[in-house]
There are 2 protein chains.
Amino acid sequence: MNIGEVAKSSSVSTKMIRHYESIGLIRTSPRTLSGYRQYHDRDVHLLRFIRRARDLGFSLEQIRQLVSLWDDPERASADVKRLAQSHIADLDQRIAALTDMRDTLVTLATSCQGDHRPDCPILHGLAAAS
Amino acid sequence: MNIGEVAKSSSVSTKMIRHYESIGLIRTSPRTLSGYRQYHDRDVHLLRFIRRARDLGFSLEQIRQLVSLWDDPERASADVKRLAQSHIADLDQRIAALTDMRDTLVTLATSCQGDHRPDCPILHGLAAAS
DNA sequence: CTTGACCCTCCCATGATAGGAAGGTTAAAG
DNA sequence: CTTTAACCTTCCTATCATGGGAGGGTCAAG
């Protein structure tokens with residue numbers, strides 16, 4: 001399988017596949033005589049795994065850990081769970097921060113007439129010393 | 001006022017102040033004979049405004065628009081409100097996406113024993129074709 | 001044998017921020 | 001007056017994940 005086909009069936013771009021190889025997230029693939037990378041189904045599975053983890057907001061560093069756990073038949077599920085839970089805590093924090101932002105903005109926006117007049121509480125709100 | 005003092009009272013680092021100048025977000029400041037940037041209270045206000053907007057998740061491009069509205073005594077508050085509301089919609093989307101991620105992870109994590117055994121539903125979940 | 005769709009490597013860009021090197025300036029303290 | 005410490009300057013580099021493009025080689029079908 002050439003890289004383009006793998007890209008299609010894993011939803012990871014060729015750019016990214018080569019990049020993941022270059023940073024050691026996936027192994028270097030064998031090449032044809034002319035230098036084309038050759039892949040197998042196994043590689044598609046791994047890339048799908050990576051893609052899915054990215055979609056769930058894991059960083060490549062976290063994914064690196066997940067992959068090594070995935071590869072390791074001896075790992076304890078507790079290790080995986082720990083990683084997942086720390087990521088959940090991370091997500092909770094980011095959600096809370098965004099929600100705070102949103103609420104502040106909504107408050108400012110609802111107090112704004114939104115008409116042709118230049119006076120706007122949003123700008124006052126932003127200008128206020130925090 | 002030198003740049004360091006401005007940085008302290010606006011909570012924007014000297015690095016960032018120079019950067020904002022270089023990308024044209026703030027005007028180039030006058031200099032002393034020896035080349036030191038000189039600032040006034042007005043500049044501190046503007047930087048605080050920028051800082052606060054950053055804290056609310058506005059991008060520098062959005063802030064560029066906000067600043068030009070702030071500077072313009074003729075602007076309509078409707079313009080500002082429109083900007084704020086589009087940003088709120090943006091935040092809502094990001095919050096929803098993160099919440100989805102979180103929920104998926106929580107589901108996976110609760111179904112994981114988290115013990116010494118190697119079998120882990122989290123990894124199965126990640127490996128499943130999306 | 002040409003054409004078009006692949007593939008290769010290498011460099012550059014994004015957005016927001018930070019770190020550091022190498023060197024000039026200022027103010028206070030000796 | 002000189003030393004010293006805390007400032008300031010510019011310029012280069014890095015981060016993280018991704019994408020764009022140039023310039024060139026390869027492969028399969030018409």
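Lettering follows sequence order; numbering is per chain, from 1. Computed from a prediction, not measured in an experiment: that's the story for all the values here.
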**Q.** A/Leu25 CG - D/dC16 C1' separation (whole Å)
**A.** 13 Å
Q. A/Gln93 side chain to A/Asp90 main-chain N or O, any donor-acceptor pair under 3.5 Å?
A. no
Q | side-chain hydrogen bond (donor to acceptor under 3.5 Å, both in side chains) partners of residues 6-17 of chain B, not counting sequence neighbours, each pair once | A | none
Q: Would you classify B/Ser59 as touching base, sugar-phosphate or nothing, given that sugar-phosphate means primed atoms plus P, OP1 and OP2, and contacts are heavy atoms under 4.0 Å?
A: sugar-phosphate
**Q.** Within residues 31-42 of chain B: residues closer than 4.0 Å to DNA chain D (heavy atoms)
**A.** B/Arg31, B/Gly35, B/Tyr36, B/Arg37
Q: Under 4.0 Å between any heavy atoms, over every strand shown, what does A/Ser13 touch: base, sugar-phosphate, or nothing? Just pick one.
A: sugar-phosphate
**Q.** Pair listing, salt bridge (charged side-chain N to carboxylate O under 4.0 Å, His left out) test, anchored in residues 24-35 of chain A, at least two apart
**A.** A/Glu21-A/Arg31, A/Arg27-A/Asp71
Q. Does any pair with a residue in residues 79-89 of chain A pass salt bridge (charged side-chain N to carboxylate O under 4.0 Å, His left out), and if so which ones, sequence neighbours excluded?
A. A/Asp79-A/Arg82
**Q.** Global bending angle along the helix from C/dC1-D/dG30 to C/dG30-D/dC1, which compares the axes of five pairs at either end, to 10 degrees
**A.** 30°
Q: Could you list the residues that satisfy side chain to side chain contact (heavy atoms under 4.5 Å, CB included) with B/Asp103, not counting sequence neighbours?
A: B/Thr99
Give me, pair by pair, the N or O atoms of the protein and of nucleotides 20-23 of chain C that are less than 3.5 Å apart, along with how far apart they are.
unit_1 : atom_1 : unit_2  : atom_2 : d
C/dG20 : O6     : B/Lys15 : NZ     : 2.3

Q.
With the threshold set at under 4.0 Å for non-hydrogen atoms, list the residues of residues 85-103 of chain B touching DNA chain D in residue-number order.
A. none
Q. Rounded to the nearest Å, what distance is computed from the NE2 atom of residue A/His19 to the P atom of nucleotide D/dG19?
A. 11 Å
(Q) For residues 8-31 of chain A, which residue pairs pass the ring-ring contact (aromatic ring centres under 6.0 Å, His included) check, not counting sequence neighbours? (A) none
Q | Touch class at under 4.0 angstrom, heavy-atom based, for B/Arg54 against every strand present | A | sugar-phosphate
Q.
Listing request: all ring-ring contact (aromatic ring centres under 6.0 Å, His included) pairs with a residue in residues 76-101 of chain A, at least two apart in sequence or in separate chains.
A. A/Phe58-A/His87
Protein-nucleotides 12-14 of chain C N/O pairs under 3.5 Å:
none

Q.
Using the side chain to side chain contact (heavy atoms under 4.5 Å, CB included) criterion, which residues pair with B/Thr32? Sequence neighbours excluded.
A. B/Ser34, B/Tyr36, B/Gln38
